[in-house]
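Atoms considered below: every heavy atom in the structure, side chains included; atoms not considered: hydrogens, waters and symmetry mates. Protein chains get the first letters and strands the later ones, always in sequence-line order, with residue 1 at the start of each.
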2 protein chains.
Amino acid sequence: MSTISVDCVIFGFDQNQLKVLLAERWIKDQEGNLLDKDYTLTGYHIYQDEDLDSAAHRIVEDITGLEGLHFEQFYSFGDLNRLQKEKDQRWLKQFGDVFSERVISVAYYSLLPSTKIQILDKDRNIEWFPVYEIENLAYDHHKILDKAIKHLRYRLSHEPIAFDLLPKKFTISQMYKLYESIYNTKYDKRNFRRKVSQMKFVVPLDEYQSAVANKPAQLYMFSRDVYEATKKDHHGFFFNY
Amino acid sequence: MSTISVDCVIFGFDQNQLKVLLAERWIKDQEGNLLDKDYTLTGYHIYQDEDLDSAAHRIVEDITGLEGLHFEQFYSFGDLNRLQKEKDQRWLKQFGDVFSERVISVAYYSLLPSTKIQILDKDRNIEWFPVYEIENLAYDHHKILDKAIKHLRYRLSHEPIAFDLLPKKFTISQMYKLYESIYNTKYDKRNFRRKVSQMKFVVPLDEYQSAVANKPAQLYMFSRDVYEATKKDHHGFFFNY
DNA sequence: ACAAAAGTGTTCGATATACACCCATGA
DNA sequence: TCATGGGTGTATATCGAACACTTTTGT
């Protein structure tokens, strides 16, 4: 018998950076003096009458209010010592017995089309952080985050999930910056554009950016219809890295 | 509070076929009449004082007696109805209350260098089955098997784990048949050989097959030393599929 | 006029694919 | 001598990588 929790790595893309939602955690001693401040991924234990996937959806919905996002379970974490660091134990004590025994976390990530959302959970201080600048995570959450990024990279090279992180209508530049940010690398602008222009399911629109202080970029959209219809041609998606 | 079990998909390679270890299950009614016969993956619930990885190792060790195999956790299965088919319930009843509530399975696969091993678990009838001919699996075990194969394919294209399924000294043909069998496809013999001959870490030996009724094949071995030393050249492993 | 991002083609090397015959051995 | 699987080379098409300048807009 063990306690099961679901942890969600919620990714967003904003200002050319891949970001993650983190909740603040203030560690205090008995007298209420601040000992440490760090961050956790968003998670919660599962209810007895819900599937693992449903729990992940519930957790993200409670925070963002958004439904129908892209979800992916990527790993489960169950080492005996994963909650045993001193500050973690100090923190967990306040919740009583629930976490006194081992906790196994089934980890999911989800993709948010915008970081400009209302955070509904007002009890906790939850904010966006650029993934490559994150330190000071609680428990084994840095390990979880690392695995999430690796899995996201894999999936992104096989399936058209980048568009779940972009607005409905986006520019090639946004897409290009998103890929750079997820793979934490640089691409050649012209080669990237050529590659995208071969993807029939990235459809150019007769719309352009407005009110920008430079040449307005053309807008594109992702068509799942076209993607499905041409699947046999592109053997999946395949954007190498 | 939930029960956690670990299920292991144990892969082996024999007679040019990818195989999996399955345990027989005889479903009987109260009078002992045989109602159904099917198969399960090998699994067991975790002990309170062991990591998930350790449980997977223990399970495989109890069956095969082998240590130090390649292991990989690939997914967790926790749907509410995963054990609720009638024949599954009938089967589980004999074990009392342990499985009356939900069971979450953390699934691993492991790679065996040979199918010619002693099966140590004499209580159950455990045997090898060709992966592409398997039907009639209990619970959601077919779903688990499918995910395992997909994950194995992915991993195989990024890391040199094929050699964990081959004898220490192997022929290029064996390797080639192994890849065909895992990806369930056909390769061009010459192109495959060329590709392998570019892999510095697949080292030709001055040994040949003996007692075969045809031209004896040269033997090769995998060198992890060379693999690690040349990692930067091959950006991982990369055998496309 | 200038700053800032959009958009555009070509060359070169590497890699994937397709394809057919001779060789060494045991039976 | 025959059956069986081992082993070899070339030509073509495709793809990835490198690289610099002009365009359009707002200020």
Side-chain angles (χ1 to χ4, degrees), chain A residues 14-17 156-158 166-167 169-181 183 185-200 202-221 230 232-241, chain B residues 13-17 157-158 166-167 169-181 183 185-200 202-221 230 232-241:
Chain A
D14 188 34
Q15 300 186 281
N16 297 338
Q17 284 187 307
L156 186 58
S157 74
H158 290 69
L166 293 171
K169 299 176 180 181
F170 54 86
T171 69
I172 301 295
S173 267
Q174 284 178 298
M175 188 174 162
Y176 156 68
K177 294 285 166 71
L178 173 60
Y179 272 82
E180 285 196 335
S181 150
Y183 291 117
T185 185
K186 289 274 163 201
Y187 291 107
D188 182 278
K189 190 169 56 156
R190 277 175 288 189
N191 293 338
F192 188 93
R193 275 174 184 277
R194 178 174 31 254
K195 203 156 183 176
V196 171
S197 68
Q198 287 160 354
M199 300 174 184
K200 302 269 170 58
V202 179
V203 183
L205 305 173
D206 287 332
E207 283 183 65
Y208 294 82
Q209 284 180 317
S210 57
V212 286
N214 49 39
K215 181 171 174 178
Q218 192 171 12
L219 297 179
Y220 292 71
M221 62 169 279
T230 60
K232 59 174 183 351
D233 304 330
H234 43 76
H235 304 237
F237 187 67
F238 242 137
F239 215 112
N240 275 328
Y241 64 101
Chain B
F13 180 64
D14 188 34
Q15 298 185 282
N16 298 339
Q17 283 187 308
S157 74
H158 289 71
L166 293 171
K169 300 176 179 180
F170 54 87
T171 68
I172 301 295
S173 267
Q174 284 178 298
M175 188 174 162
Y176 154 70
K177 294 283 165 74
L178 173 59
Y179 272 82
E180 285 196 337
S181 150
Y183 291 117
T185 183
K186 290 274 164 202
Y187 292 106
D188 182 278
K189 189 167 59 155
R190 277 175 289 190
N191 293 337
F192 188 92
R193 277 174 182 276
R194 180 175 26 255
K195 203 156 182 176
V196 171
S197 68
Q198 286 159 354
M199 301 174 185
K200 301 273 171 57
V202 180
V203 183
L205 304 172
D206 287 332
E207 283 183 66
Y208 295 81
Q209 285 180 317
S210 57
V212 286
N214 49 37
K215 182 172 172 180
Q218 192 171 13
L219 297 179
Y220 291 72
M221 60 169 279
T230 59
K232 57 173 183 356
D233 303 330
H234 43 77
H235 305 234
F237 188 68
F238 243 142
F239 216 112
N240 274 328
Y241 65 102

Heavy-atom pair with the smallest gap, counting every atom of [X] and [Y]:
X: A/Ser181; Y: A/Asn16; result: CB-O, 3.9 Å
X: A/Pro216; Y: A/Gln209; result: CB-O, 3.1 Å
X: B/Met175; Y: B/Phe170; result: SD-CE1, 4.0 Å

To the nearest 0.5 Å, what is the distance between [atom1] on [X] and [atom2] on [Y]?
X: B/Ile172; Y: B/Lys195; atom1: CD1; atom2: NZ; value: 13.5 Å
X: A/Leu219; Y: A/Gln174; atom1: CG; atom2: CD; value: 8.0 Å
X: A/Asp188; Y: A/Arg194; atom1: CG; atom2: CZ; value: 8.0 Å

Return the value, rounded to whole Å, for the distance between atom [atom1] of [X] and atom [atom2] of [N].
X: B/Tyr208; N: C/dC23; atom1: OH; atom2: C1'; answer: 13 Å
X: B/Lys186; N: C/dA18; atom1: NZ; atom2: P; answer: 15 Å
X: A/Tyr187; N: D/dC19; atom1: OH; atom2: P; answer: 18 Å
X: B/Gln15; N: D/dG5; atom1: CD; atom2: P; answer: 13 Å
X: B/Leu205; N: D/dG6; atom1: CG; atom2: C1'; answer: 16 Å
X: B/Gln209; N: D/dG7; atom1: CD; atom2: C1'; answer: 12 Å

Short side-chain to backbone donor-acceptor contact, A/Gln218 and A/Leu205, under 3.5 Å:
yes
Holding to ring-ring contact (aromatic ring centres under 6.0 Å, His included), I want the full list of residues that pass it with B/Tyr220, two or more places apart in sequence or in another chain.
none
Could you pull out all residues at least two apart from B/Phe192 that satisfy ring-ring contact (aromatic ring centres under 6.0 Å, His included)?
B/Tyr176, B/Tyr179, B/Phe239
Within the structure provided, determine whether A/Arg193 and A/Arg190 are in side-chain contact (heavy-atom separation under 4.5 Å).
no
Enumerate the residue pairs fulfilling salt bridge (Lys or Arg N to Asp or Glu O under 4.0 Å) with a member in residues 207-221 of chain A, sequence neighbours excluded, ordered by first and then second residue.
A/Lys169-A/Glu207
Checking all strands, does A/Gln218 fall into the base, sugar-phosphate, or nothing category for heavy-atom contacts under 4.0 angstrom?
sugar-phosphate
Please tabulate the protein-to-nucleotide N/O contacts below 3.5 Å involving nucleotides 1-4 of chain D, giving atom names and distances.
{"residue": "D/dT4", "atom": "O2", "partner": "B/Ala213", "partner atom": "O", "Å": "3.3"}

Between protein and nucleotides 19-21 of chain C, what N or O pairs are separated by less than 3.5 Å?
{"residue": "C/dC19", "atom": "N3", "partner": "B/Arg190", "partner atom": "NH2", "Å": "3.3"}
{"residue": "C/dC19", "atom": "N4", "partner": "B/Asp188", "partner atom": "OD1", "Å": "3.4"}
{"residue": "C/dC19", "atom": "N4", "partner": "B/Arg190", "partner atom": "NE", "Å": "3.4"}
{"residue": "C/dA20", "atom": "N1", "partner": "B/Arg190", "partner atom": "NH1", "Å": "3.2"}

When the nearest nucleotide of DNA chain D is assigned to B/Pro216 and to A/Val212 on a heavy-atom basis, which residue is associated with the more 5' position?
B/Pro216
Quick one: on DNA chain D, does A/Gln198 or A/Ser210 contact a more 5' nucleotide (nearest heavy atom)?
A/Gln198
Does a side-chain N or O from B/Lys195 land closer than 4.0 Å to OP1 or OP2 of C/dT15, or not?
no
Of all of residues 170-178 of chain B, which get a heavy atom below 4.0 angstrom from DNA chain C, listed by number?
none
